[in-house]
Amino acid sequence: MSIVRVRFAPSPTGHIHVGNVRTALFNYLFAKNQNGTFILRIEDTDLERSSIENENIIYEDLMWLGLEWDEGPVVGGNYGPYKQTERTLIYKKYLDKLLEEKKAYYCFCSKEELDAQREKNLQEGKNPIYSGKCKNIPLAEARQRIEQGEKAAIRFNVTESEVKVKDILKGEIDFPTNMFGDFIIVRPDGTPVYNFVVVVDDALMKITHVIRGDDHLNNTPKQILIYKALGFELPEFAHIPMILGSDHSKLSKRHGDTSVNQFRQKGYLPEAFFNYLALLGWSHPEEKEILSRQELINAFSLERISKSAAVFDFDKLNWMNGIYIREKNIDELYSVAKGFIKCVELSKYDEQWLKNVVFSVREKISVLSEIDEHIKIFFKQSEPDDESIKLLNLETSSAVLERYAEEIKKFETLTVDDYKAITKIVGDATGAKGKALFMVLRIALTGQRTGPDMDKIATLLSPKTQIERINNVLRFIKK
RNA sequence: GUCCCUAUCGUCUAGCCUGGCCUAGGACACCGGCCUUUCACGCCGGCAACAGGGGUUCAAAUCCCCUUAGGGACGCCA
C-alpha cells in the first residue's frame with residue numbers, strides 16, 4: 001500500500017479563483033481522508049505573469065480556508081524545491097534524455113511561420129498541428145546551430161496514434177494524437193512548458209493521484225506520452241467538473257465574486273465557505289449538508305464527486321454562511337465581526353455593550369459585511385420613510401410614544417422584563433396593539449421598520465437616548 | 001471546424017455501477033401558514049425535474065444506440 005500523495009499546483013498569476021480553490025479543497029480532503037500528504041507546488045514557469053506578491057496571496061488564501069499543506073514552499077519537504085523556476089536543472093536532465101533518445105527534437109520554426117501554418121490548416125478544415133518540418137534535423141546539427149545563436153524550441157516526438165487515459169471519474173477515454181501533433185515542451189528562451197514540467201514534477205514528487213479540473217483532461221494524453229517516454233510510473237487521474245456561473249458559462253468576474261479573497265472581504269466565514277465548496281460537486285453519503293471540516297474529511301471520497309459541472313449558487317452560500325454566523329457565541333461572533341464595523345469607532349464604546357449590539361443582529365445577516373447597516377441604529381436614529389410616517393401618524397401613535405417615554409424615565413437601564421411590563425402598560429393605556437404599538441415604537445426608536453428584536457433595542461439603548469429619539473419623532477409628528 | 005466530457009426540480013444534488021422498494025427523496029430560492037401582541041430567526045406545508053427518440057427487458061431515471069443541448073480543449077497559458 002503506497003501512501004497517498006496529492007498536490008495543488010496553482011500558478012501565481014493572481015488571486016485564487018473559486019474553481020481552483022475547490023480543486024485544492026478536494027485534494028486536501030482526499031489526502032486527509034487517506035492519511036496522505038497534501039503538497040503545494042507553485043507553477044511559475046510563465047515568467048510574464050507570475051510574481052512573488054501573487055505567491056503570498058495564494059498562501060494567505062489557502063491559510064484562510066485552513067488548507068494547510070504538508071509539503072511545499074514555506075514548510076519545505078523532501079521532494080523540493082517546490083517552485084518550478086527553482087527546478088530548471090532537474091528539467092534539463094530529463095530534456096537531454098529525451099533529446100538523446102530522439103523522443104524530442106529541436107524546432108527552429110518561427111512563431112510567424114507557425115501562426116501562418118495554423119491559420120492555413122484551420123482554413124482548410126484540418127487540425128492545426130505541427131508539420132514536422134524540423135523533426136529530422138540531426139541533434140548534433142541542431143546543437144551547433146543553437147551554439148551559433150539560433151533560437152529553437154523543443155518538441156515532443158509523438159509516435160503513437162492513440163493514447164488511453166484512465167480516469168477515476170470518467171472511466172477510460174481514447175484520445176487520437178493527431179489532435180495535437182508534436183507539441184512544444186520547451187520555449188525558444190529555454191523555459192519548459194507546463195505539460196512537460198507537470199509530468200517531471202508529479203513523477204519526482206511521487207504524486208499518486210492527480211486531482212484537477214477537467215479542463216485538463218485534454219492535456220492528459222500529452223502528459224501520459226511524456227510519462228512513458230521518461231519511464232515514469234503513471235499516477236491515477238481524477239478530473240473534476242468545472243464550476244459555472246448562473247448563465248452556465250465558465251464562472252468569471254461578470255457573475256460576481258470569483259476569487260477567494262473577495263469572499264473573505266465580504267465576510268464569509270472560512271468554515272462556511274469550506275463547507276459550501278465541498279458540496280459543490282460532491283455529496284455526503286447521507287446527504288447531510290452542514291458539515292464540519294472533520295466530518296467532511298471523514299466522509300470524503302472521490303467516487304462521490306459528480307461528473308457534471310456545477311453552477312455556483314450565491315444564494316445557497318449565503319444561507320449556509322448565515323447558519324454558521326448564528327452558530328457562533330457572542331464572543332466568537334464579535335471577534336470575527338468587529339473588523340467589519342466601519343460606521344463607528346469601536347474604542348469609543350464599551351466592549352461588552354458592542355458585543356451585545358453585534359449579537360443582537362446576528363439573525364439579520366448572512367455575510368459579516370452587512371453588519372454595519374444593521375447596527376447603525378444603535379448609534380444614530382435614521383429618517384423614517386413614507387410607510388413609517390404613515391404608522392407614526394396613526395391616531396394612537398403619539399399617545400403610545402409619550403406614555404412609553406414617561407414609563408422609562410425612571411430607569412437607568414431596562415431589563416427585558418421591564419420592557420415587557422412597560423409595553424403592556426402602554427398597550428393597555430392607549431389601546432394600541434400589534435403594529436400600532438410595536439412598529440410605532442420601533443420606528444420611533446430606530447427610524448426603521450426592520451431590525452433586531454424590540455426587547456434588544458430597548459435594553460441596549462439607554463432610556464435617556466430612547467427618550468431623546470422619541471422626542472425628536474414627537475416634534476416631527478406635531479409639525 | 002475537429003476532439004473530449006456531461007445531461008434528474010430555476011440552482012446544488014440523492015437515486016444510476018448492482019434495473020422492480022421511484023406515484024423520483026433532500027437542500028437553496030420562491031410562495032403560503034404557524035410562532036412571536038412588530039421585522040427577522042425557527043417550525044410546518046406548497047410549487048417544481050428523469051432533454052428527445054429508438055431499442056433490450058415481464059419491468060428502465062437506472063443498461064445500449066442515435067439525436068439534441070450545454071461545457072471544455074484545440075497556445076512558445078497553466
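Throughout, protein chains are lettered first and strands after them, A, B, ... in sequence-line order, and every chain is numbered starting at 1. Hydrogens, waters and symmetry mates play no part in the numbers below; they use all other heavy atoms, side chains included. As the structure is a prediction and not an experimental result, all values here were calculated from the model.
In this entry B:G20 has B:C58 as its Watson-Crick or G-U wobble partner, both defining distances falling under 3.5 Å. Pair assignment for B:C50 gives none, since no Watson-Crick or G-U wobble pairing has each distance under 3.5 Å. B:U38 is unpaired under the criterion used here, namely a Watson-Crick or G-U wobble arrangement in which both key atom distances are under 3.5 Å. Pairing for B:C74 is with B:G1, a Watson-Crick or G-U wobble pair whose two hydrogen-bonding atom distances lie under 3.5 Å.
Where A:P285 and A:V193 meet RNA chain B, the nucleotide closest to each residue was compared, and A:P285 sits on the side nearer the 5' end. Projected onto RNA chain B by closest heavy-atom contact, A:F180 and A:E287 fall at different nucleotides, the more 5' of which corresponds to A:E287.
Under the side chain to side chain donor-acceptor pair (under 3.5 Å) criterion, A:D453 pairs with A:K456, sequence neighbours left out. With sequence neighbours excluded, no residue forms a side chain to side chain donor-acceptor pair (under 3.5 Å) with A:R155.
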For nucleotides 3-6 of chain B, give me every protein contact, N/O to N/O, under 3.5 Å, one pair per line with atom names.
unit_1 : atom_1 : unit_2 : atom_2 : d
B:C5   : O2'    : A:K170 : NZ     : 2.8

*Go along nucleotides 65-70 of chain B 5' to 3' and tag each nucleotide: B for a protein heavy atom under 4.0 Å from its base, S when only backbone or sugar atoms are that close, - otherwise.*
------
*Summarise how protein sits on nucleotides 34-47 of chain B as a single string, 5' to 3': B when a protein heavy atom is under 4.0 Å from the base, S for sugar-phosphate-only contact, - for no contact.*
---BBBBSS-----
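One C1' atom belongs to B:G46, the other to B:G53, and the distance between them is 34 Å to the nearest Å. Going from the P atom of B:G20 to that of B:G25 covers 16 Å, rounded to whole Å.
For the pair A:R304 and B:C17, the criterion of a side-chain N or O lying under 4.0 Å from OP1 or OP2 is not met.
Within a 6.0 Å sphere centred on NZ of A:K120, heavy atoms belonging to other residues, nucleotides or ligands number 12 at most.
A cation-pi geometry, defined here as NZ or CZ lying under 6.0 Å from the six-membered ring centre and within 45° of its normal, holds between A:R145 and A:F108.
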Cut-off 3.5 Å, no hydrogens considered: what does the side-chain donor-acceptor table look like for residues 277-286 of chain A, sequence neighbours left out?
unit_1 : atom_1 : unit_2 : atom_2 : d
A:W282 : NE1    : A:S301 : O      : 3.2
A:S283 : OG     : A:R304 : NH2    : 3.2
A:H284 : ND1    : A:E286 : N      : 2.9
A:E286 : OE1    : A:K288 : NZ     : 3.3

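Donor-acceptor pairing under 3.5 Å, judged by distance alone, is present between the side chain of A:N219 and the base of B:A78.
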